[in-house]
K.L.:
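Provided herewith is a single structure, encoded as structure tokens, for subsequent inquiry.
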Amino acid sequence: MANDTNRFQAIIAHCKEYGFIFPSSEIYDGLSAVYDYGQYGSELKKNIKDYWWKSMTQMHENIVGIDAAIFMHPTTWKASGHIDNFSDPMIDNKESKKRYRVDHLIEGYADELDKQGRKDESVILLAEMDRLLAGNDYHGLKKLIENNNIKCSISGTAMWTDIRQFNLMFSTQIGSVSGEEEANEIYLRPETAQGIFVNFLNVQKTGRLKIPFGIAQVGKAFRNEIVARQFIFRMREFEQMEMQYFIRPGTQKEWYEYWKETRMKWHLSLGIPAEKYRFHDHVKLAHYADAACDIEYDFPIGFKEVEGIHSRTDFDLKNHQQFSKKKMQYFDNEVNQNYIPYVIETSIGLDRTVLMILSEAYNEENLSTDEKTDSRVVLRFPAKLAPIKLAVFPLIKRDGLPEIARNIMNDCKAAFRCFYEEKDAIGKRYRRMDAIGTPFCVTIDHQTKEDNMVTLRYRDTMKQERIPILSIMNTVKDAI
Ligand code: GAP
């Protein structure tokens, strides 16, 4: 098994080789922190999205889904606080001109200390960084960088500028520049949540929803990330799966705990062991939150955030009411009161979840025996998330075997994603399916013509058994 850094690189290479994820516009040397999903990556991503969507909407009678536009009225971002507050403290190296996010620069140095066995120093450094970040003390943060002699990895020098804030939103123009209509600067949304907030009353009234209720959404978000070299972990264009849960003011603590627990259960339902997850409470709260934590997963690059759970108070709705001058209140007939609801948000990155599932599934296995050396790369996806559920292989290309295989394909392909192949030795075909994580393969041989049985081969154990053609469909359906 590769070590962790190598493992991460091996996953990236595997994703490219087997049609999961490619660098965007690769023929032009790619675009930093932007990626395209290939034929298997897009299936995997869609399966994760569907699983989340179903668990939020279908499984909760009081949560409905919407699909709001990426472009929103620019005042949205004034009201949400993103124009004034959605920025990160950055520092530039004067020699290399490379810009770093201050916390990432210090964390990188802390990782180095860890590797050198100086764990105590790294813990103290990170605690001090958290304290200074919480107080917005940029002078103190610069001193911390200088006192620890933290250097730029490119120039190797510690010649730093002062720390400054940089807004992470991308902007573009809407309307005609030269015509009568004035050009307006608008933003590519940095979170999907605001599309939910501005539609809060539309959905509540048309759906006759009573508090507590939730609105869920999956969609693209855009951030001009500075640190952009962690594959699909940190992208400039990515997808979020967010849910805003509208509640009575004063009940936010209990609902915050409820959603922490519910979301962790969802993560565990992916078959990932509990020790690979942890909660991380935010020290420095976002401008909208009165409590917040992350669910972190132990990626090959260490424990990192996959999902955020935020108690957003009435910050967003109150500000939209103020900026739009439209009432954002709800009449609660149980307590006979008008109020602006409080909100608990669950926000999970779809691409990060793809990376988590890939990291968990990726296995390099040594299958050597006394007689021969052998190995395989297998993606042990949960069957419900696997891009292809069933591969159908005629053992050879003649004697009526392809016809039987085609009939099986025709019976099954409407129920789940199947894959047909008749080229190469059967062992090679199995290995290719292991590499893309297909949980089941069936092989049709001459015996099939006699007894209507096929060989079912399991991805994880590589065990094979004879089963009737008629039970293929249910075997796969049971697993997914
Ligand atoms: N609406 C709240 C919000 O956007 P966030 O913690 O900034 O909160 C939520 O983002 C989730 O979106 C994160 O937990 C992460 O999974 C994902 N995410 C954020 N920035 C990302 C990026 N640059 N690339 C990929 N995923 C990202």
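Computed from heavy atoms alone, side chains included, the values below leave out hydrogens, waters and symmetry copies. Just so you know, ligand 1 is whichever comes first in the structure, and atom 1 is the first atom listed for that ligand.
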K.L.:
To the closest 0.5 Å, what do you measure between OG (S122) and CD (E107)?
P.N.:
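It is 10.0 Å, given to the nearest 0.5 Å.
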
K.L.:
Would Q240 count as being in polar contact with ligand 1, using the rule that some N or O on each side must be under 3.5 angstrom apart?
P.N.:
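Checking ligand 1 against Q240, an N or O pair does fall under 3.5 Å apart.
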
K.L.:
With heavy atoms only and a cut-off of under 4.0 Å, state how T353 meets ligand 1: side chain, backbone, both or neither.
P.N.:
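Neither part.
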
K.L.:
Based purely on interatomic distance, does A193 place a nitrogen or oxygen under 3.5 Å from a nitrogen or oxygen of ligand 1?
P.N.:
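Among all N and O atoms of A193, none is under 3.5 Å from an N or O of ligand 1.
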
K.L.:
Judged by non-hydrogen atoms, does H310 sit under 4.0 Å from ligand 1?
P.N.:
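Distance cut 4.0 Å: H310 passes for ligand 1.
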
K.L.:
Look only at interatomic distance and state if G349 has a nitrogen or oxygen under 3.5 Å from any nitrogen or oxygen of ligand 1.
P.N.:
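Yes; the residue has a nitrogen or oxygen that sits under 3.5 Å from a nitrogen or oxygen of the ligand.
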
K.L.:
Just to be sure I read this right, does ligand 1 sit under 4.0 Å from the backbone of R234, its side chain, both, or neither, counting only heavy atoms?
P.N.:
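It is both backbone and side chain that touch ligand 1.
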
K.L.:
Under 4.0 Å, counting heavy atoms only: does R312 come that close to any atom of ligand 1?
P.N.:
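Within the 4.0 Å threshold, so yes.
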
K.L.:
Contact between V306 and ligand 1, counting heavy atoms under 4.0 Å?
P.N.:
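Within the 4.0 Å threshold, so yes.
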
K.L.:
Does a donor on one side chain sit under 3.5 Å from an acceptor on the other, for Y35 and D351?
P.N.:
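Judged by distance alone, the side chains do not pair up.
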
K.L.:
May I ask you to identify the nearest protein heavy atom to atom 9 (C) of ligand 1, giving residue, atom name and distance to one decimal place in Å?
P.N.:
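Sorting protein heavy atoms by distance from atom 9 (C) of ligand 1 puts S347 OG, 2.9 Å first.
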
K.L.:
Below 3.5 angstrom, do we get any N/O pair linking I232 and ligand 1?
P.N.:
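Among all N and O atoms of I232, none is under 3.5 Å from an N or O of ligand 1.
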
K.L.:
When you compare ligand 1 with E305, is there at least one nitrogen or oxygen pair between them that comes in under 3.5 angstrom?
P.N.:
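Checking ligand 1 against E305, an N or O pair does fall under 3.5 Å apart.
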
K.L.:
Show which atoms of ligand 1 fall inside a sub-4.0 Å distance from at least one heavy-atom site of E191.
P.N.:
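Result: 1 (N), 2 (C), 3 (C), 4 (O).
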
K.L.:
Counting heavy atoms only, which of E345, R223, Q194, E307 is nearest atom 5 (P) of ligand 1?
P.N.:
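Comparing heavy atoms across E345, R223, Q194, E307, the nearest one to atom 5 (P) of ligand 1 lies in R223.
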
